[in-house]
Amino acid sequence: MSYSLEQSGIARRSFLRVGAVLAATALIPAKLWAAIARPEGAFKATALDATFAELGGTPEPHDGIIFTTPDIAENGAVVPVEVSIDESKLPGVTKLYVMVEKNPNPMTAMFMIPAGTKPFVETRVKVAQTCNLYAVAEANGKLYMASKETKVTLGGCGG
Amino acid sequence: MAGRIRIRAQVKGDSTEVKALMRHPMETGQRKDAAGNPIPAHFIEEVMVTHNGNTVMHGYWGAAVSANPFLGVRFEGGAAGDEIVVTWRDNKGETGEGKTKIK
Amino acid sequence: MDRREFNKMLALGLAAGLAVPTLNRRSWAQGDAYDVPRFGNVHLLHMTDAHAQLQPIYYREPQVNIGVHAAKNRAPHLVGDALLEAYGLSAGTRDAHAFTYLDYVAAAERFGKVGGFAHLSTLVQRVRANRPGALLLDGGDLWQGSATSLWTKGQDMVDASKLLGIDVMTGHWEFTLGSDRVQDIIENDLDGHIDFVAHNVKDFDFGDPVFASHTLKEMNGVPVAIIGQAFPYTPIANPSHFVSGWTFGIQERELQEKIDEVRAAGAQVVVLLSHNGADTDIKLASRVTGLDAIMGGHTHDAIPTAVQVKNPGGMTLVTNAGSNGKFLGVLDFDVRNGKVKDWSYRLLPVFSELLPADPEMTALIEKIRAPYERQLSEVLATTDGLLYRRGNFNGSFDQLICDALIDELEADVSLSPGFRWGPSLLPGDNITFEDLMSQVAITYPSVTLTEMKGDFLKVVLEDVADNLFNADPYYQQGGDMVRVGGLDYSIAPLAASGQRIGDMRLNNTAIDPNKTYKVAGWASMQQVDGEPIWDVVARWLRSKKHIDAVDVKQPVVKGLEGNQGFVI
């Protein structure tokens, strides 16, 4: 690949250090971020229930999680999702997860939110077929969720 | 070119909004090429955003994050001229990095 | 409306805070119906979905316009007698003809053609004459739908709409000219004349707005904001390559932020100029606060009165002004001390023979058509039967296109999109090349012949059925059911997604899920090479010379007892 280590500052140092110390699980300098391992079991789970089980159980629905996905996907390969938290209803969120129920592996992304960062994330995900998408938030060691259906259609015929 | 990242960082009210677009195929490992051979999985597993060297977001991804991934985060504080760095590492151990200054 | 009528409305489920009929009785004698006295001090004229019909046409309203779940037996999902009854219209009148399909051919012969920009122009001038400062709004689907609009890349409609005096517009089919052409028109033609507004179109990369979201104008001392809502599902319902790099969507939350922003900037009247479709607008109006009205289009519904929708902030009016230049909506607000005190809405049918043609518009239309007159006027065939398109499942013009596709491509089955545009022809009319183009003039016209397995054919029908009958209007994308040639099927609109379609048969033999069929189609979402649909159908028509009354195949519709949007 064309990426050059010489161009890298923090990343280079962190890779060297992390490679030595944390067995290549993180690219983050340990002093900046208490390392949390990648939850491989959750990423490899092939059903939503199993994914939840890997994370510690089925989350409780919570209206403090504001989960925005398109009603109908413009392109199932690129579906914008946004998770934000109403902190007046759900304070202390430290992790956010995005899951796509009917994908081969529902677990799609996990985000760790340090103090000072808004419990907010935007990304884009693949949705293989019409199904529910889940936003899961961890606060004070407990899991909460919100879901939203996104339809994937063949399209056409409009108008 | 792998590794290239477009980043926009702007102060909005009392926080800073960072949006990043990474260039990466994000292959799931479940597709086949024209000859019917499986295309190996190749996706970003880990991503990080720092502000003046401090981590503001650390994420782990699966292969179902879209090709050429997008990440949007918001953190408190931040001022024009501060440095934002976005880095990633994929399942083949390749990495990418992009930097910008907050506007 | 007397108490008995009101009770009847309640029984129909039309009132209950949603639809209160206020259709004014009017006299059509001497064109009195077009004397619309001024009311209030904020005046919005609204047209939508003209589909480039510069000339007077016939347009048959639907006989099948099914409302499901919350939309059952509620505007706009009332057809025929149920519509007349709901709005207190008498059978056999001009209004009954304008709003329904009833006794269509005889009434069309009696009352004549509708629309035509020269006639519409006269009406606009008349309504404007006693409404100083009035704005003319166009809800989109203005630049597409005719031969000349296709051949001039929308220029004919841009020129005509400037002369008509459109002030603000939004879009849908406009985008099928391609993003570059749309930007070119906005920058070079509309600048200083027409504000193109769409708050819900963003650059995909970082979410930057593509168009102005709204326009804020002062009218008789009252600041009025018009926010644009382009068709939210443009890249899904039409090929996405025309708008590559742009993202659409309903964007309800962003809309609320925009409304709050324009209110904070001083707007005393806030109106959404929408191309969502009626059911989506009604749902949106129930969830968003601070809108005085949503003036909508896309679904081509001519709703005689404004639907009043309650929401946490009060009430929002929802209107929908039909299509093809057949109607002009007139919404007046009485604004005092910064607040809307009262309102009045009328949807005026445009009967061409009651409105003398405006000479300047007539001259422009003649100039536009002159270079193409020979092609336009070629008679391909004559028709014995009524040719129309609109209806949830099929229309005779669609059946004709499906039949032509099967014959010309030697296919087992043909599929044709459920477009709602396209005027009607009366029995005995010639079918000219222009008439054909008014059904098929799109920028992705290639015909295709595809091998499709029986089970995938079902997937296609189920997919489109869900876009039409999903219980939640936000998951509908408008348009009607895909038209099918050769194939019989049944449909249960209220069934769950994926379970609506059944009894698929080809020539009385059940479709085999594993067998491969030759399927002809057009208007592909992918970029494909193929003969344009108009050449295929024109060739077929020329060879036929004469079209007997078309046998319009309708699916067997299940589970819709008591639905007033449905007469088969």
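Letters go in sequence order (proteins before strands), and every chain restarts at 1.
Taking CG of C:Asp463 as the start and CG of A:Leu154 as the end, the distance is 4.0 Å to the nearest 0.5 Å. The CG atom of C:Asp472 lies 6.5 Å from the CG atom of A:Asp71; values are rounded to the nearest 0.5 Å. Taking CD of C:Glu254 as the start and OG1 of A:Thr68 as the end, the distance is 7.5 Å to the nearest 0.5 Å. Distance OG1/A:Thr153 to CE/C:Met525: 10.0 Å, rounded to 0.5 Å.
Looking at C:Leu415, neither its backbone nor its side chain comes within 4.5 Å of chain A, counting heavy atoms on both sides. Contacts between C:Tyr474 and chain A at a heavy-atom distance below 4.5 Å involve backbone atoms as well as side-chain atoms. Contact annotation for A:Thr130: neither backbone nor side-chain heavy atoms come within less than 4.5 Å of a heavy atom of chain C. Only the backbone of C:Pro232 comes within contact range of chain A, with at least one heavy atom under 4.5 Å from a heavy atom of that chain. Only the backbone of C:Trp246 has a heavy atom closer than 4.5 Å to any heavy atom of chain A. Only the side chain of C:Arg253 comes within less than 4.5 Å of a heavy atom in chain A; its backbone stays farther off.
Put simply, the side chain of C:Tyr475 gets close to the backbone of A:Glu149: a donor and an acceptor are under 3.5 Å apart. The closest donor-acceptor contact from the side chain of A:Lys151 to the backbone of C:Gln476 lies at 3.5 Å or more, if one exists at all.
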Query raised in the report: For A:Glu74 and C:Thr247, what are the C-alpha separation, side-chain angles and deciding distance, and is it a side-chain hydrogen bond (donor to acceptor under 3.5 Å, both in side chains)?
Result: CA-CA 8 Å; A:Glu74 291 179 357; C:Thr247 181; 3.0 Å; yes
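Within 6.0 Å of atom NZ in A:Lys44, 12 or fewer heavy atoms from other residues, nucleotides or ligands are found, so the atom counts as exposed in its surroundings. Other residues, nucleotides and ligands contribute more than 12 heavy atoms inside 6.0 Å of the NZ atom of C:Lys458.
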